[in-house]
Amino acid sequence: MFSLSQMTNFLIFFPALIFIVAVTLAIFGYRHDPRRLLNSWYLVVGAVILLGMPIILLASLSDTHHIGWRVLSALAFLALTLGLFDWVMLINWHFRPLRRHFRALTIFAIILGLALAVLPFIPAHVWPTDLLTPMKYVNTALTLLGAYMCITIADFLVATWTYPRQTKLHGEHYVIVLGSGLHHGNQLSKLLKSRVDTAMRVGSIAKDETGDWPILIMSGGQGADETISESSAMAAYAKENGYPAAAIRLEEKSTSTFENFQYSLDVIHEPHPTIEFVTNNFHVFRASVFAAMLKLNSRGIAAPTRSHYYHRGLIREYAALTWLHKTRHLLALILIVVLTIAIPWFYG
């Protein structure tokens with residue numbers, strides 16, 4: 001039987017060791033391929049263990065029992081509230097008829113998330129006797145789901161923040177500028193202008209270093225509500241601002257980020273090109289995932305975004321990335337269901 005001091009030392013030094021190992025694995029992972037979510041997962045899990053073990057220690061001691069569990073519950077259910085909001089974004093992203101009700105659905109998701117967050121704090125004597133056993137399973141499920149949300153949200157945020165800082169400009173000959181929707185059918189949005197401006201700065205730096213203008217590939221087709229293609233609008237803007245027309249090519253078939261890369265390869269006409277691509281900072285990591293799926297040797301360049309749209313963009317990106325990895329999330333949910341049944345049954 002371990003003594004209290006031995007258990008305390010274990011809960012202090014073991015997490016520190018795990019954190020060091022996790023950081024080491026993340027560093028090697030970033031050097032090998034910075035486009036993998038696994039890299040940020042190492043950092044997040046290491047940090048969760050490092051910070052979570054002391055909280056578990058608080059929760060296991062009789063005099064601090066309530067403090068520890070309240071901290072754990074607060075973190076889990078904050079993530080659960082954010083997760084419900086993300087699911088609304090995910091539904092909105094894939095089901096266009098619901099977009100007109102987006103604000104109402106968002107408010108509903110926040111209220112529902114807060115209501116679920118309150119459940120574990122309701123004293124047991126408030127519930128009718130016949131509901132005590134079902135509530136054990138409900139609280140277990142919500143806690144596990146909230147913890148999982150907390151980890152996945154943190155994983156996404158770390159990946160989104162670290163990836164642009166892991167890539168350095170190398171003055172590649174091809175720079176793909178990823179398209180976005182046009183305003184009023186033919187005008188560049190502020191987001192799209194930021195991408196083109198960043199690409200032109202990259203081109204100017206490369207010209208000073210190598211003596212040649214890199215080829216800017218403006219990638220984006222024409223949407224149903226657009227009078228010209230996104231690539232044509234971007235090219236016109238770049239030419240007006242002094243970028244040489246001979247160093248601009250158009251890719252006008254794509255309707256998604258994946259197609260941006262796929263069809264841009266047809267414009268490049270090289271078997272294994274090394275490219276740089278430009279998109280907004282909140283979008284650059286997910287774009288790099290698509291580039292990796294096509295086995296492109298690529299580096300992402302983050303264009304700045306105004307703060308009010310940056311946060312909206314992050315939520316949308318998390319929803320889209322969740323859908324992209326829906327199989328692994330489905331497996332995680334199955335595991336949560338199994339644990340929800342097993343844990344209350346094991347502890348009675």
Side-chain angles (χ1 to χ4, degrees), residues 6-57 59 71-72 75-76 78-79 82-83 86 143-170 274-277 279 281-302 314 317-336 338-339:
Q6 290 174 322
M7 183 62 68
T8 302
N9 289 334
F10 173 79
L11 289 174
I12 292 175
F13 293 108
F14 177 72
L17 176 62
I18 294 297
F19 180 73
I20 292 172
V21 172
V23 170
T24 302
L25 290 173
I27 291 173
F28 280 105
Y30 278 121
R31 289 187 175 181
H32 176 68
D33 188 351
R35 302 174 294 187
R36 298 188 305 170
L37 266 174
L38 186 62
N39 302 326
S40 57
W41 187 87
Y42 287 137
L43 294 177
V44 170
V45 171
V48 167
I49 292 175
L50 181 66
L51 299 175
M53 282 295 189
I55 297 176
I56 293 175
L57 177 61
V71 172
L72 287 173
L75 291 175
L78 173 62
L82 293 175
D86 164 67
T143 302
L144 291 173
L145 187 60
Y148 179 70
M149 285 289 182
C150 191
I151 291 175
T152 57
I153 290 172
D155 186 17
F156 163 74
L157 291 176
V158 170
T160 301
W161 188 84
T162 55
Y163 174 74
R165 289 161 178 78
Q166 295 294 320
T167 56
K168 297 181 180 179
L169 298 181
H170 290 263
T274 299
I275 65 167
E276 291 171 340
F277 65 89
T279 187
N281 45 14
F282 62 82
H283 180 239
V284 69
F285 176 74
R286 185 165 66 94
S288 74
V289 173
F290 285 123
M293 291 169 64
L294 287 167
K295 299 185 178 355
L296 283 176
N297 185 10
S298 64
R299 301 177 184 89
I301 304 167
L314 278 180
E317 287 300 303
Y318 177 59
L321 202 61
T322 299
W323 183 258
L324 184 64
H325 296 118
K326 54 185 177 293
T327 302
R328 71 174 62 167
H329 292 301
L330 179 60
L331 293 175
L333 289 176
I334 293 174
L335 178 60
I336 287 174
V338 172
L339 292 176

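The figures here come from the full heavy-atom set of this structure, side chains too, leaving out hydrogens, waters and symmetry mates. These figures come from a predicted structure and were not determined experimentally.
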What one should report as the nearest heavy-atom pair of Arg328 and Tyr148 is O-OH, 4.3 Å
Are any of the side-chain heavy atoms of Leu157 and Leu314 separated by less than 4.5 Å? yes
Between Ser40 and Phe156, does a side-chain contact (heavy atoms from CB on, under 4.5 Å) hold up when you go through it step by step? CA-CA 8 Å; Ser40 57; Phe156 163 74; over 6 Å; no
Taking atom CH2 of Trp323 and atom CG of Leu321, what is their separation to the nearest 0.5 Å? 13.5 Å
Are any non-hydrogen side-chain atoms of Leu43 and Tyr30 less than 4.5 angstrom apart? yes
Nearest heavy atoms of Thr322 and His329, plus distance in Å: O-CD2, 3.3 Å
Considering non-hydrogen atoms only, spot the tightest contact between Gly300 and Tyr163 and give its length. N-OH, 3.0 Å
For Pro164 versus Ala159, what's the shortest heavy-atom pair and its separation? CD-O, 4.5 Å
Interatomic distance, CD1@Ile336 vs CG@Leu144, rounded to 0.5 Å, equals 6.0 Å
Nearest heavy-atom neighbours spanning Tyr42 and Ala26: CD1-N, 3.8 Å
Does a side-chain heavy-atom distance below 4.5 Å link Leu296 with Phe290? no
Point-to-point distance, once rounded to the nearest 0.5 Å, from OG of Ser288 to CZ of Arg36: 12.0 Å
May I ask you to check whether Ser298 and Arg35 show a side-chain donor-acceptor distance below 3.5 Å? yes
Would you say the side-chain atoms of Asn281 pair up with the backbone N or O of Ala302, donor to acceptor, closer than 3.5 Å? no
Check the side chains of Thr160 and Tyr318 for a donor-acceptor pair under 3.5 angstrom, ignoring hydrogens and angles. no
To the nearest 0.5 Å, atom CG of Leu333 lies from atom NZ of Lys326 at 13.5 Å
Could you pull out the closest heavy-atom pair between Phe285 and Pro34, with the gap in Å? CE1-O, 4.1 Å
Do Arg286 and Thr279 have side chains that approach each other closer than 4.5 Å (heavy atoms only, starting at C-beta)? no
Does Leu37 reach the side chain of His325, with side-chain heavy atoms less than 4.5 Å apart? yes
Find the distance between CG (Leu38) and CG (Asp155) and round it off to the nearest 0.5 Å. 8.5 Å
I'd like to know if the side chain of Asn39 and the backbone of Asp33 have a donor-acceptor N/O pair within less than 3.5 Å. yes
